[in-house]
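Everything on this sheet refers to the single structure shown next.
Letters A, B, ... mirror the listed sequences (proteins, then strands); counts begin at 1.
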Protein chains: 2
Amino acid sequence: MLTIGKLGEAAGVKVPTIRYYEQIGLLPEAERSAGNQRLYGRKAQERLAFIRHARDLGFTLEAIRDLLSLSDKPDQSCAAADAIAKAQLAEVESRIARLIALKAELERMVVQCAGGRIADCRVIEVLGDHALCATDHRHPEVEPAH
Amino acid sequence: MLTIGKLGEAAGVKVPTIRYYEQIGLLPEAERSAGNQRLYGRKAQERLAFIRHARDLGFTLEAIRDLLSLSDKPDQSCAAADAIAKAQLAEVESRIARLIALKAELERMVVQCAGGRIADCRVIEVLGDHALCATDHRHPEVEPAH
DNA sequence: CTTGAAGCTATAGTTGCTAGAGACATTAGA
DNA sequence: TCTAATGTCTCTAGCAACTATAGCTTCAAG
Ligand SMILES: [Zn+2]
Ligand SMILES: [Zn+2]
Ligand SMILES: [Zn+2]
Ligand SMILES: [Zn+2]
């Protein structure tokens with residue numbers, strides 16, 4: 001049985017984050033010691049590792065909630081889980097596409113500036129006028145939280 | 001002189017967002033009509049377009065605040081502005097690198113799953129164990145808000 | 001047995017908005 | 001001109017996914 005601090009260390013998750021996951025129901029309520037401190041066993045450890053890994057791969061807590069509840073039903077079809085992963089892949093691909101467009105515009109700005117006065121700065125100039133951009137980078141979708 | 005609704009329409013920014021920008025001091029307090037409604041002239045329009053464009057390019061409001069205050073000093077050197085843009089470029093590049101690693105792992109998961117039961121699902125399996133990943137994609141830095 | 005680290009709860013702050021409530025202003029049609 | 005619809009006003013609260021603080025209790029080492 002691990003204390004919350006040891007668990008956090010083991011999983012690479014900060015202590016308040018673990019309590020937060022419990023609070024929003026992503027982790028079950030932990031067992032408590034005589035002195036009211038949380039204690040975790042192997043199952044909780046695995047669950048937290050799963051959450052952490054999925055977060056590292058960019059899944060939202062909502063998606064993770066669904067994946068966890070699927071993983072508790074080993075005999076069901078995995079189609080739903082695969083769909084969540086595919087959606088996440090699509091999300092990542094579209095973010096990459098958007099960021100590549102941003103990168104191109106930022107590079108153009110930075111390269112074109114000769115480095116003189118603000119009045120002649122290409123960075124400031126381009127920021128003031130999207131018509132000076134080469135691509136249409138305008139926020140087609142939302143970027144992620146975190 | 002435009003009302004807040006017209007200004008928002010012109011700049012592609014929602015009305016509450018404009019009020020929010022004013023609240024946090026990114027836009028100056030607007031003139032008011034006899035009936036206490038905000039009125040905007042060309043300068044406010046340009047400032048809002050600047051903010052909007054910089055947001056579309058992924059700059060934070062803090063960075064934009066700095067860029068705006070620089071753009072108000074046309075005779076100063078633009079080095080500071082260029083530095084902000086370069087930092088943003090670096091940020092975008094590192095996000096791209098991270099997302100490409102995520103994409104690779106997500107593709108691996110999705111491709112490897114044969115589509116049977118949850119108990120045999122590669123997606124669930126990999127999420128539970130980073131050792132099954134081919135790359136080290138673990139959150140080297142923070143993703144942006146929004 | 002004492003001290004310092006680690007744990008507890010509860011609340012508020014972060015970023016960049018967005019949505020509501022309830023009141024006032026403006027504008028278009030009958 | 002009256003009225004109804006829309007627009008605007010302020011203020012507050014909510015979103016994701018944490019993070020930080022305050023003020024307490026409990027635990028482990030010396
Ligand atoms: Zn410059
Ligand atoms: Zn542009
Ligand atoms: Zn599967
Ligand atoms: Zn991994």
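Residue B/Thr60 has its side chain nearest to C/dG16 when only D/dA17, C/dG16, D/dT8 are considered. The side chain of B/Arg55 sits closest to C/dG16 out of C/dG16, C/dC8, D/dC18. Relative to the side chain of B/Thr3, the nucleotides D/dT8, D/dT19, D/dC18 differ in distance, and D/dT8 lies closest. Taking every side-chain heavy atom of B/Arg38 into account, D/dT10 is the closest of D/dT10, D/dC18, C/dG7. Residue B/Val15 places its side chain closer to D/dT8 than to any other of C/dG16, D/dT8, C/dT9. Comparing D/dT19, C/dC8, C/dT26 against the side chain of B/Gln37 picks out C/dT26 as the nearest. When each of D/dT19, C/dT9, D/dT8 is scored by its nearest atom to the side-chain atoms of A/Pro16, the top-ranked nucleotide is D/dT19. Listed nucleotides: D/dT10, C/dA25, D/dC27. Nearest to the side chain of A/Ser33: D/dC27.
A/Tyr40 places its OH atom 14 Å from the C1' atom of C/dA6, with the value rounded to the nearest Å. Rounded to an integer number of Å, the gap from B/Ile24 CD1 to C/dT18 C1' is 14 Å. The distance from atom CZ of A/Arg19 to atom P of C/dA10 is 12 Å, rounded to the nearest whole Å. Distance, A/Glu22 CD to C/dC8 P: 9 Å, rounded to whole Å. Remark: C1' of C/dT26 and NZ of B/Lys6 are 12 Å apart, rounded to the nearest angstrom. Following rounding to the nearest Å, A/Arg52 (CZ) and D/dC18 (P) show an atom-to-atom distance of 9 Å. Nucleotide C/dG7 holds its P atom 10 Å from the CG atom of A/Leu7, rounded to whole Å. Counting to the nearest Å, the P atom of D/dA17 and the CG atom of A/Leu27 are 15 Å from each other.
Here the CD1 atom belonging to B/Ile4 is positioned 11.0 Å from the CG atom belonging to B/Leu2, to the nearest 0.5 angstrom.
Using a cutoff of 4.0 Å between basic side-chain nitrogens and carboxylate oxygens, B/Glu22 and B/Arg19 are not scored as salt-bridged. Taking the charged nitrogens against the carboxylate oxygens, A/Glu46 and A/Lys43 have no contact shorter than 4.0 Å, which rules out a salt bridge. At a threshold of 4.0 Å, the pair A/Arg108-A/Glu105 counts as salt-bridged, since one of the basic side-chain nitrogens sits closer than that to a carboxylate oxygen.
In this model, the phosphate group of D/dT10 is approached by a side-chain N or O of B/Arg32 to a distance below 4.0 Å at OP1 or OP2. A/Tyr20 has no side-chain polar atom (N or O) that falls below the 4.0 Å cut-off from OP1 or OP2 of D/dA16. Applying the 4.0 Å criterion to OP1 and OP2 of D/dA17, one finds that A/Tyr21 has every side-chain N and O outside that range.
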Please assess B/Val126 against B/Cys133 for the test side-chain contact (heavy atoms from CB on, under 4.5 Å), listing each intermediate value before the final yes or no.
CA-CA 7 Å; B/Val126 171; B/Cys133 283; 4.0 Å; yes
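Toward the 5′ end of DNA chain C lies the nearest nucleotide of A/Gln23, the other residue of the pair B/Phe59 and A/Gln23 mapping further downstream. Heavy-atom nearest nucleotides on DNA chain D were determined for A/Lys14 and for A/Gly35, and the one closer to the 5' end corresponds to A/Lys14.
Considering every non-hydrogen atom in both A/Arg47 and A/Leu26, the closest pair reads NE-O, 3.1 Å.
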